[in-house]
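Notes follow once the structure below has been shown.
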Amino acid sequence: MIFPAELIQRKRDGEELGSDEIAELVLGYARGEIPDYQLAAFCMAVFFRGLSSHETFALTEAFIASGETIDLGAMLGRKVVDKHSTGGVGDKTSLAVGPIVAACGVPFGKMSGRGLGHTGGTLDKLESIPGFKVELTIDEFVEQVRTVGMAIVGQTAELVPVDKMLYGLRDVTATVDEISLIAASIMSKKLAAGAQAIVLDVKVGDGAFMKSIEDARRLAELMRSLGEQAGRRVVCLLTDMDQPLGAAVGNALEVREALETVRGHGPADFAELVLDACSRLLALSDLGVDVVEGRRRAETAMTDGSADEMWRAWIEAQGGNPDEAALEVAPVVREVKAARAGVVERLGAIRIGNAALHLGAGRRTKEDAIDHAVGVVCLRKRGDTIAAGDVLAEVHARDESAVDEAVREVTAAYELGDHAPPARSVLLEVID
Ligand code: URA
C-alpha cells in the first residue's frame with residue numbers, strides 16, 4: 001500500500017519513484033480513492049522536479065491501465081497508422097491527411113479530441129459538417145475503418161479515463177505545460193487506441209505548447225521513446241506554429257480548406273505539411289514504400305480525384321453531408337486592410353487564435369457552445385510583400401457587434417516592416 005503524501009514528498013525532494021508506486025497513485029486516483037488535492041500537489045512536484053524516462057513510461061502505462069485498450073491491427077488484420085498533433089492555430093491536418101492516406105489503401109482510424117482555448121479540436125471542426133456523428137462505438141469505428149477505409153471519432157470514455165480527470169486538474173493548477181505529463185497524456189491515448197505506427201506533429205512557436213525548438217525536440221524524443229518502449233514505430237515532425245497553418249482559422253472555414261487541399265488546391269504551407277505527414281504515414285504502413293514513393297502516391301491521390309472520393313465516402317459513412325455548399329457561412333464578412341506598404345514580418349498565431357476564439361469559434365470553458373461558421377481567413381502570410389490597402393485577412397462573424405474587436409486583434413497580429421524575414425518552411429525538423 002502506498003501513502004500519497006509520502007510519494008508527493010519524495011518527488012518534491014527530487015527522488016525517483018518506482019513504477020509500482022506511480023501505478024498505485026494513478027490508479028488509486030482513477031478509482032476515486034485518492035483526492036484531487038493530492039494529485040494536484042503531485043503534478044506540481046513533477047512540474048518542478050520532472051520525471052525520469054523510467055517514471056514517464058510507468059506513468060504512461062498506468063494511464064493506459066486505467067481503461068480499455070483496442071488492438072486495431074488485430075481487429076482489421078492490417079497494420080494501422082495514426083497521426084497526432086500537439087495542437088495549433090488553423091491545424092486541420094488530420095482532416096486532409098485521413099482521406100489521402102486512406103485513398104492510397106492504408107487504413108486510417110483516429111480518435112480525436114475537442115479544442116480548448118486558442119487551439120481548435122478536430123471534433124469541433126468535423127461537427128461543422130451538417131449531420132456528422134463523432135460518437136461511434138468501438139465496433140462501429142472498427143467496422144467503418146474496415147469497410148470505408150477511414151474513420152475519425154471522439155475518444156471513447158473507456159480509453160484512458162484517468163487522462164481526462166487529470167487533464168482537468170492540470171488545467172486549473174498550472175501544470176499542463178510539463179513535458180513528461182504532456183508526453184504521457186498524449187502517448188497513453190495513442191498507444192491505447194492501437195495504431196502500430198504513429199506520426200506525431202509537434203508544433204513549435206508562439207501558438208504552440210512548446211515555444212522553442214529545444215523544448216519541442218525534448219518532447220518529441222520523449223514521446224518517440226515511449227512509443228518505441230511499447231513496440232510502436234513513431235516518427236516526429238517538428239513544425240512551425242509561429243503563424244497559423246494555412247489560411248483558415250475557424251471550424252467550417254477549416255473544413256472547406258481541408259477539402260480544397262484534399263483536391264490539390266490548398267494553401268502552400270498547409271499542403272506541404274499534409275504531404276509530409278502523408279508520405280511518412282505511407283512509408284510506415286504495410287505498403288512497403290519509402291518516403292519518396294509515399295509522397296508520389298499521396299500527390300496522385302490529391303490530383304486524380306481518389307482522395308476527394310474518399311472524403312465523400314467517409315463523411316457520408318458518419319452521417320454527414322459531404323458537399324461544401326452544406327457548410328454554414330457567417331453572415332458578416334469584413335476585410336482587414338494593410339495601413340502601409342511593406343512585408344509581413346510576423347503573423348502572430350496566438351493573436352489570430354484569440355480573435356477566432358472571441359468571435360465564438362472556440363471555447364473558453366468546457367461548457368461553451370461553438371459557432372461553427374465564424375473565424376478568420378489569413379490571406380497574406382509571413383514573407384508576403386504588400387501594398388497599402390491590400391486585404392490582409394477576412395473576419396467572418398455572426399454579427400456586427402463582434403467584428404470591430406476581431407478586426408483590431410487581427411490587425412495587431414500582422415507585423416508589417418521593411419525587411420523580408422528569413423524564409424522558413426513549415427517542416428522544421430524530422431525525428432525518425
Ligand atoms: N494534449 C494532450 O492530449 N495532453 C496534454 O497534456 C497536452 C496536449
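Note that ligands are numbered from 1 as they come in the structure, with each ligand's atoms numbered from 1 the same way. These values consider heavy atoms only, across backbone and side chains, with no hydrogens, waters or symmetry-generated copies. Along the sequence shown, the residues carry numbers beginning at 1.
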More than 12 heavy atoms of other groups within 6.0 Å of R170 CZ = yes
Of the options L95, V89, T93, which is the one that meets D91 in a side chain to side chain contact (heavy atoms under 4.5 Å, CB included)?
-> T93
Could you pull out every protein residue that has a heavy atom closer than 4.0 Å to ligand 1, ordered by chain and then number?
-> Y167, R170, I182, S185, I186, K189, F209
Any side-chain heavy-atom pair of S128 and E328 under 4.5 Å | no
If every non-hydrogen atom of R12 is compared with every non-hydrogen atom of R49, which pair is closest and at what distance?
-> O-NE, 2.8 Å
Charged N to carboxylate O below 4.0 Å: is that the case for K92 and E257?
-> yes
Indicate whether any N or O donor in one side chain lies under 3.5 Å from an N or O acceptor in the other, for T239 and K203.
-> yes
